[in-house]
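Small disclaimer: the values here were computed from a predicted structure and weren't measured.
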Amino acid sequence: MNIFLTGGTGQVGFELQRELSPLGRVMAPTRQELDLTDIAGVNDWLLHHRPDAIVNAAAWTAVDAAEAQGDQAYHLNAELPAQLASYARAQNILLVHYSSDYVYSGKGEAPWQEDGPTGPLSLYGVSKLAGDKAVLASGAHHLILRTSWIYSTRGNNFMKTMLRLGRERDSLAVVADQIGAPTPAHLIAELTALALAKYREGALSDGLYHLAPRGETSWYGFAQKIFQLAREQGVPLAISSERIEAISTEEYPAPARRPHNSRLNLERLEKALDIELPRWQPQLELTLKALLKS
């Protein structure tokens, strides 16, 4: 199987290159090799290489910057998925696409269901929802994996930022009223590979699935756990747990609004893959240890 992977140098894409390789040949062109904003170029690449499946890990992920650069965010998050879905439909192949908790309004405290109401608060969320809708409306074979709070050993993310700030500062203020599940990129990649294998066996159907670890926390709780685990691994920190202040979203203004409730109901994916998803704390420990060893 030839798999076309977009965004192969990103947090999720890097992990996908490793996890998908046992399933076939992974074609992951760099930005220099393929400009994903070039519609004609993407079409030409697809026609030349003729993949058997597409895994779309490319996305505009700069949430705040999307407020001022909506056209660029919309192209990567909505128009590119629509283009890939159109090709997948015409060739009768599978498209795997990644979605975000930001498509939800963040109201209430109940975990969101895949078929529940959406209501994005930011241009980033609007663009991600538009991409989801385009894939669903295309008629293509699809797996949409909707996840939350992605972090990894690579790139810019909350875990790495907290470790840097924890070394540099003796006090921090972290938002405590947004609730979700931190999701490591390696878990997304592992479950994508499992889903693809089951799909090929006919054991998994087209659809939208939530993908995240079990459990929930706030950004404040996430930060506290990062520092706890870092200390256990011998990382020298300037920060102490007593000097981390829990603040509200309103006390940390940002260009883009964030959902307060990013809890995701995970039962559909667990049932489909016949698994129990791991809790977020052990996943953080694994990812942190991998970062410190790198």
Side-chain angles (χ1 to χ4, degrees), residues 5 7-8 10-20 55-63 77 96-104 106 111-114 120 122 124-125 128-129 131-132 143-163 174-175 178-196 208-226 229 258-270 272-273 275-291:
L5 171 64
Q11 294 186 85
V12 176
F14 177 80
E15 300 291 344
L16 282 167
Q17 290 202 55
R18 297 190 292 190
E19 293 296 330
L20 296 180
V55 179
N56 180 36
W60 179 285
T61 57
V63 175
N77 291 346
V96 179
H97 176 67
Y98 299 94
S99 182
S100 167
D101 59 297
Y102 278 58
V103 304
Y104 296 117
W112 298 101
Q113 303 278 353
E114 286 90 343
S122 63
Y124 166 77
K128 290 298 294 182
L129 181 59
D132 297 353
L143 296 174
I144 300 177
L145 303 176
R146 183 171 287 162
T147 189
S148 64
W149 297 19
I150 298 173
Y151 68 99
S152 75
T153 60
R154 294 171 56 85
N156 298 316
N157 57 71
F158 186 82
M159 179 188 73
K160 293 180 69 177
T161 297
M162 287 298 103
L163 285 174
V174 185
V175 171
Q178 297 171 24
I179 307 299
T183 307
H186 71 82
L187 179 65
I188 297 172
E190 290 165 10
L191 293 177
T192 299
L194 177 60
L196 265 173
L208 168 62
Y209 300 88
H210 286 160
L211 192 169
R214 286 208 160 270
E216 63 184 55
T217 190
S218 65
W219 294 109
Y220 172 81
F222 190 15
Q224 288 278 23
K225 192 65 177 178
I226 290 167
L229 293 171
R258 267 72 169 171
H260 285 272
N261 176 20
S262 289
R263 299 171 179 89
L264 302 177
N265 185 292
L266 306 171
E267 293 176 0
R268 179 181 291 182
L269 184 64
E270 289 186 323
L273 297 182
I275 61 171
E276 181 176 338
L277 288 160
R279 297 190 67 81
W280 70 269
Q281 296 94 330
Q283 289 293 299
L284 172 59
E285 185 172 6
L286 285 171
T287 309
L288 182 59
K289 285 182 177 178
L291 173 63

*Kindly state whether the ring of W149 and the ring of W219 have centres lying under 6.0 angstrom apart.*
yes
_Please list all pairs meeting salt bridge (Lys or Arg N to Asp or Glu O under 4.0 Å) that have one or both residues in residues 210-219, counting only residues at least two apart or in different chains._
R214-E270, E216-R263
Residue pair [X] / [Y]: nearest heavy atoms and the distance that separates them:
X    : Y    : answer
E15  : R18  : OE1-NH2, 2.6 Å
S262 : P259 : OG-CG, 3.5 Å
R268 : L208 : NH1-O, 2.9 Å
G125 : P120 : C-CB, 3.4 Å
A181 : A212 : CB-CB, 4.2 Å

*Okay, side chain of T217, backbone of G215: is any donor-acceptor separation there less than 3.5 Å?*
no
_When you measure from the side chain of E19 to the backbone of A189, do you find a donor-acceptor pair of N or O atoms at a distance under 3.5 Å?_
no
Side-chain heavy-atom pair [X], [Y] within 4.5 angstrom cut-off:
X    : Y    : result
Q178 : V175 : yes
L163 : L288 : yes
L284 : M159 : yes
R258 : V63  : yes
T161 : N156 : no
Q281 : K225 : yes
K128 : S100 : yes

Between [atom1] of [X] and [atom2] of [Y], what distance do you get to the nearest 0.5 Å?
X    : Y    : atom1 : atom2 : result
I150 : T183 : CD1   : OG1   : 7.0 Å
I226 : K160 : CD1   : NZ    : 12.5 Å
L191 : L143 : CG    : CG    : 12.0 Å
H260 : S218 : NE2   : OG    : 12.5 Å
E190 : L20  : CD    : CG    : 11.5 Å

_Walk me through whether L5 and Q17 qualify under side chain to side chain contact (heavy atoms under 4.5 Å, CB included)._
CA-CA 8 Å; L5 171 64; Q17 290 202 55; 3.5 Å; yes
*Pairing residues for W112 by the ring pair (Phe, Tyr, Trp, His ring centres under 6.0 Å) criterion, not counting sequence neighbours*: Y104
*Apply ring pair (Phe, Tyr, Trp, His ring centres under 6.0 Å) to F222 and list each qualifying residue two or more places apart in sequence or on a separate chain.*
Y151, F158
*side chain to side chain contact (heavy atoms under 4.5 Å, CB included) between L187 and Q283: does it pass, once the steps are laid out?*
CA-CA 8 Å; L187 179 65; Q283 289 293 299; 3.6 Å; yes
Whether the [X] and [Y] side chains hold a donor-acceptor pair (N or O, under 3.5 Å, no angle test) is what I'd like checked.
X    : Y    : result
E114 : N265 : no
T61  : Y124 : no
T287 : H186 : yes

*Which of these, L145, I144, L273, L277, sits in a side-chain contact (heavy atoms from CB on, under 4.5 Å) with L211?*
L145
*In sequence, state the C-alpha distance, the side-chain angles, and the governing distance for S148 and D101, and then conclude on side-chain hydrogen bond (donor to acceptor under 3.5 Å, both in side chains).*
CA-CA 5 Å; S148 64; D101 59 297; 4.9 Å; no
*Looking at T192, D132, N56, which one forms a side-chain hydrogen bond (donor to acceptor under 3.5 Å, both in side chains) with Y98?*
T192
*Intermediate values then yes/no, side chain to side chain contact (heavy atoms under 4.5 Å, CB included), S152 and N157*: CA-CA 7 Å; S152 75; N157 57 71; 4.0 Å; yes
*Given the rule in the side chain to side chain contact (heavy atoms under 4.5 Å, CB included) test, do R146 and V103 qualify, once you have shown the distances and angles that lead to the verdict?*
CA-CA 9 Å; R146 183 171 287 162; V103 304; 3.5 Å; yes
